[in-house]
K.L.:
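Here you go, one structure.
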Amino acid sequence: MPIFDITGPDGKSYEIQGDNAQGALAALQKHIGTSPPEKPKEDVSVLADVAKSGGIGAVKGAISAVGAGGDVRSLASAGVDKLGEMTGINPETVKNVASKVASFTPLAALNYAPTSHDIQSKIEGVTGEFYKPKTTAGEYAQTVGEFLPAAIGGEGSLAARAAQVLVPAVASETAGQLTKGSDAEPYARTVAALLSPVAASAARRVITPLPAAPERTALANALRGEGVDLTAGQATGNKPLQWAESVLGDIPGSGGTASRMQTNQGEQFTGAALRRAGENSNRATPEVIDQAFNRIGGNFDRLAGNNTLHMDNQFVTDLVDAAREYHGVVPPAMRSPIIEDVVRDIGTTQARNNGQISGEAYQALTSRLERTARGTADPQLREALRGIRGALDDAMERSIATHNPADAGAWREARNEYRNLLVLEKASTAAGSNAAEGLISPSSLRNATINTQGRRNYARGNGDFADLARAGEAIMKPLPNSGTAPRQYMQHLITALGSGAGGMVASIPGMVAGAAAPAAVGRVLMNPVVQRYLSNQVLLPTRGAGVGRQALARALLGAESSQLLGPGQQLPEVRQ
């Protein structure tokens, strides 16, 4: 047994026999009954330690990313050694075969890839040993820094992706702190890094159980901004929930919440549409529409009486274009003479009045054009008449802007309200009982917008109704009322669950419990608090670049990975 010459903590020299120097030192300490003096703790502020540790952690994380290929090779080699130990197969034989197979694939490059340990050793040979955390906060900062490279790439902002790596980093370090110094530490760090994204996802689903697509959330928010209340099923787009709301909300005893919400939504949506024509009402009844025409017509009369239309080249071009378009789509034998008569009358007026039309004459002419357009069943004639009316209105607007700018804002508002009123007039006369009761549905508003203001304008989101109609069509369209498989399934499911629960919990007869359950569930489901919880979008799933997977890879392949093989062991190297 070798003899070691060791200087003890008391300063004296001792000759100690032992298996190794460490054992000899332990024997000496036991012999003289003293322990070596503790090293004085370095005085460092927590803030400075966090800053230094976080920086060196980021460096180590980058090294782990660069050395990942070599680490994979070394871990595979270690796995083969362990398997050989367990099975009695010579590991070198397996490695040689694997090496030859890999040489014919891109994996051959891994044979020459440096490990994280290799890279760190080379760097430390120049810079000296990397800084080690002195505080617990510094240890957390270093681990977070090591995870940061996982935030590079993927969707979302850099800040959002960095936030995603914080959870697995903190979880990994916390697990390491709890098992510090034990054989379980490396495993605890790895498992925590693996499970933390799953736990975070589960927590998100508890807080936000029904995450909605961003596009649907935007449409739902647009309707809410218009004062339209939505159910949780409508807001999230979850079909089973929509069916449950529809089926359970109107079952006898449930309080009829679904029917009331549907009626309220219809009134709120109609009110939002009417506001675009300057009307404050929640029903588009004939009286409301007539009142709007009279009010807007009175505004036109007042403004036109204060102004004169000055004809310009643009007006002549617009007028000719409207007549030419009508002639282009209607055969001569089927053309109405009114178009040519109106154009001729306008030309005569222009010649007599030095290119001007008085406000009274303008208003009388446009009123006749609109009455005729609304009274004809010929769509081409209607479009042509309104094209001429539009040319007159545009010319008057240019005249007011030039000669009486004080009236320009009021004129534009009256024109816009009138254009919107034409859409509402068509939507409020659609088929169905809702329209007869003065409720404008999203579908009827959409169709009226396309027919009155043009399909292209609707598709491009132009005009005051395009966004409202699109949001309503996407979110508020009702489910089929009866005879559908989902509706029947939901009814049977609630009845069956009610029967079983009633029998087990309260010994209530199955038939009674089955009949009472839907009404009770309906009241709970449509409760405002439950609805707000189901529709909330506080925590949404993030779209990262596999942050959870990268976090696990870092725990396995980073600087701590060698500990997975056992204390003091190094990752073996396998090269051709």
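Since the structure is predicted, the reported quantities are computational estimates derived from the model, not experimental observations. This chain uses plain numbering: 1 for the first residue, then up along the sequence. Hydrogens, waters and symmetry mates are skipped; everything else that's a heavy atom, side chains included, is used.
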K.L.:
Please work out which of the three classes, parallel, tilted or perpendicular, describes the rings of Phe293 and Tyr418, given edges at 30° and 60°.
P.N.:
perpendicular

K.L.:
Taking it one step at a time, do Glu325 and Gln380 satisfy side-chain hydrogen bond (donor to acceptor under 3.5 Å, both in side chains)?
P.N.:
CA-CA 9 Å; Glu325 187 173 345; Gln380 284 80 26; over 6 Å; no

K.L.:
When rounded to the nearest 0.5 angstrom, what is the spacing between OG1 in Thr349 and CD in Gln356?
P.N.:
12.0 Å

K.L.:
Indicate yes or no: at least one non-hydrogen side-chain atom of Asn536 is less than 4.5 angstrom from one of Pro209.
P.N.:
yes

K.L.:
Cut-off 3.5 Å, side chains only: do Ser399 and Thr402 have a donor facing an acceptor?
P.N.:
no

K.L.:
Which heavy-atom pair separates Ala212 from Thr217 by the least distance, and what is that distance?
P.N.:
CB-OG1, 3.6 Å

K.L.:
When you measure from the side chain of Asn416 to the backbone of Arg412, do you find a donor-acceptor pair of N or O atoms at a distance under 3.5 Å?
P.N.:
no

K.L.:
Spell out, as yes or no, whether a donor-acceptor pair under 3.5 Å connects the side chain of Arg205 to the backbone of Leu210.
P.N.:
no

K.L.:
Considering residues, nucleotides and ligands other than Glu383, do more than 12 of their heavy atoms fall under 6.0 Å from its CD?
P.N.:
no

K.L.:
Is there side-chain contact between Thr308 and Ile357, with at least one heavy-atom pair below 4.5 Å?
P.N.:
no

K.L.:
So, do Met396 and Arg415 sit near enough that their side-chain heavy atoms are less than 4.5 Å apart?
P.N.:
no

K.L.:
Around atom CD of Glu360, are there more than 12 heavy atoms of other residues, nucleotides or ligands at under 6.0 Å?
P.N.:
yes

K.L.:
Show the nearest heavy-atom pair for residues Gly461 and Arg470, with the distance to one decimal.
P.N.:
CA-NH1, 4.4 Å

K.L.:
Would you sort out whether Glu245 and Thr231 count as a side-chain hydrogen bond (donor to acceptor under 3.5 Å, both in side chains), showing the intermediate values?
P.N.:
CA-CA 8 Å; Glu245 291 170 345; Thr231 69; 2.8 Å; yes

K.L.:
For the atom pair CG (Asp393) and CD (Glu397), what is the distance rounded to the nearest 0.5 Å?
P.N.:
8.5 Å

K.L.:
Does Asn353 use its side chain to pair, donor to acceptor, with the backbone of Gly355 at less than 3.5 Å?
P.N.:
no

K.L.:
Which residues pass the side chain to side chain donor-acceptor pair (under 3.5 Å) test with Asn306, not counting sequence neighbours?
P.N.:
none

K.L.:
Where do Gln268 and Val228 come nearest, in terms of heavy atoms and distance?
P.N.:
OE1-CA, 3.4 Å

K.L.:
Any pair with a residue in residues 217-234 that passes salt bridge (charged side-chain N to carboxylate O under 4.0 Å, His left out), sequence neighbours left out, goes on the list, sorted by first then second residue, please.
P.N.:
Glu226-Arg275, Glu226-Arg276

K.L.:
Tell me the closest heavy-atom pair linking Val288 and Ser281, and the distance in Å.
P.N.:
CG2-OG, 3.7 Å

K.L.:
Do Leu392 and Tyr362 touch side chain to side chain, with heavy atoms closer than 4.5 Å?
P.N.:
yes

K.L.:
Donor-acceptor pair, distance only, cut-off 3.5 Å: does the side chain of Arg382 make one with the backbone of Thr376?
P.N.:
yes

K.L.:
Decide yes or no for Phe269 and Leu439: does some side-chain heavy atom of the first lie under 4.5 Å from some side-chain heavy atom of the second?
P.N.:
no

K.L.:
State whether Phe300 and Arg389 meet the cation-pi test: NZ (Lys) or CZ (Arg) under 6.0 Å from the six-membered ring centroid, and within 45° of the perpendicular axis.
P.N.:
yes

K.L.:
Among side-chain atoms of Glu279 and Gln291, is any donor-acceptor pair under 3.5 angstrom?
P.N.:
yes

K.L.:
Give the intermediate values and the outcome of side-chain contact (heavy atoms from CB on, under 4.5 Å) for residues Thr452 and Arg419.
P.N.:
CA-CA 9 Å; Thr452 306; Arg419 279 194 296 265; over 6 Å; no

K.L.:
Determine whether a donor-acceptor pair (N or O, by modelled atom type, separation under 3.5 Å) exists between the side chain of Glu425 and the backbone of Ile289.
P.N.:
no

K.L.:
Is there a donor-acceptor pair closer than 3.5 Å between any side-chain N or O of Ser444 and the backbone N or O of Ile440?
P.N.:
no

K.L.:
Could you go step by step and tell me if Glu340 and His327 meet the side-chain contact (heavy atoms from CB on, under 4.5 Å) rule?
P.N.:
CA-CA 10 Å; Glu340 292 184 3; His327 289 167; 3.7 Å; yes

K.L.:
Strictly by salt bridge (charged side-chain N to carboxylate O under 4.0 Å, His left out), give each pair with a member in residues 344-359 just once, sequence neighbours left out.
P.N.:
Asp341-Arg344

K.L.:
Among all residues two or more places apart in sequence or in another chain, which pass the side chain to side chain donor-acceptor pair (under 3.5 Å) test with Lys426?
P.N.:
none

K.L.:
May I ask you to test the Asn434-Ser441 pair for a side-chain heavy-atom distance under 4.5 Å?
P.N.:
no

K.L.:
Return yes if some donor-acceptor pair links the side-chain N/O of Thr366 with the main-chain N/O of Gln363 below 3.5 Å, else return no.
P.N.:
yes

K.L.:
List the steps, then state whether side-chain contact (heavy atoms from CB on, under 4.5 Å) holds for Leu365 with Arg368.
P.N.:
CA-CA 5 Å; Leu365 178 57; Arg368 285 197 301 273; 3.8 Å; yes

K.L.:
Could you pull out the closest heavy-atom pair between Val329 and Pro331, with the gap in Å?
P.N.:
O-CD, 4.0 Å

K.L.:
What distance do Asp467 atom CG and Leu219 atom CG have between them, rounded to the nearest 0.5 Å?
P.N.:
9.0 Å

K.L.:
Do Phe465 and Arg446 have side-chain heavy atoms sitting under 4.5 Å apart?
P.N.:
no

K.L.:
Can you pull out every salt bridge (charged side-chain N to carboxylate O under 4.0 Å, His left out) where at least one residue sits in residues 299-321? Sequence neighbours excluded, please.
P.N.:
Asp312-Arg398, Asp321-Arg324

K.L.:
Nearest 0.5 Å, please: how far is CD in Gln453 from CD1 in Ile450?
P.N.:
11.0 Å

K.L.:
Work out which heavy atom in Pro478 is nearest to a heavy atom in Gln262; give both atom names and the distance.
P.N.:
CB-NE2, 4.3 Å

K.L.:
Hey, what do you get for CD (Gln531) to CG (Leu525), rounding to the nearest 0.5 Å?
P.N.:
5.5 Å

K.L.:
Is the NZ or CZ atom of Arg335 positioned over Tyr326's six-membered ring, under 6.0 angstrom from the centre and within 45° of the axis?
P.N.:
no

K.L.:
With rounding to the nearest 0.5 Å, note down the distance linking OG1 in Thr449 to CG in Asn457.
P.N.:
10.0 Å

K.L.:
Taking the side chain as every heavy atom from C-beta outward, state whether Ile388 and Leu319 have any atom pair closer than 4.5 Å.
P.N.:
yes

K.L.:
Please list, chain by chain and in numerical order, all residues satisfying side chain to side chain donor-acceptor pair (under 3.5 Å) with Asn294, sequence neighbours excluded.
P.N.:
Asp290

K.L.:
Return yes if some donor-acceptor pair links the side-chain N/O of Arg283 with the main-chain N/O of Glu267 below 3.5 Å, else return no.
P.N.:
no

K.L.:
Looking at Leu303, is its backbone amide N or carbonyl O close enough to the side chain of Asn307 to form a donor-acceptor pair, meaning the two atoms are under 3.5 Å apart?
P.N.:
yes

K.L.:
Can you list the steps and then say if Asn299 with Trp411 is a side-chain contact (heavy atoms from CB on, under 4.5 Å)?
P.N.:
CA-CA 8 Å; Asn299 290 339; Trp411 181 265; over 6 Å; no

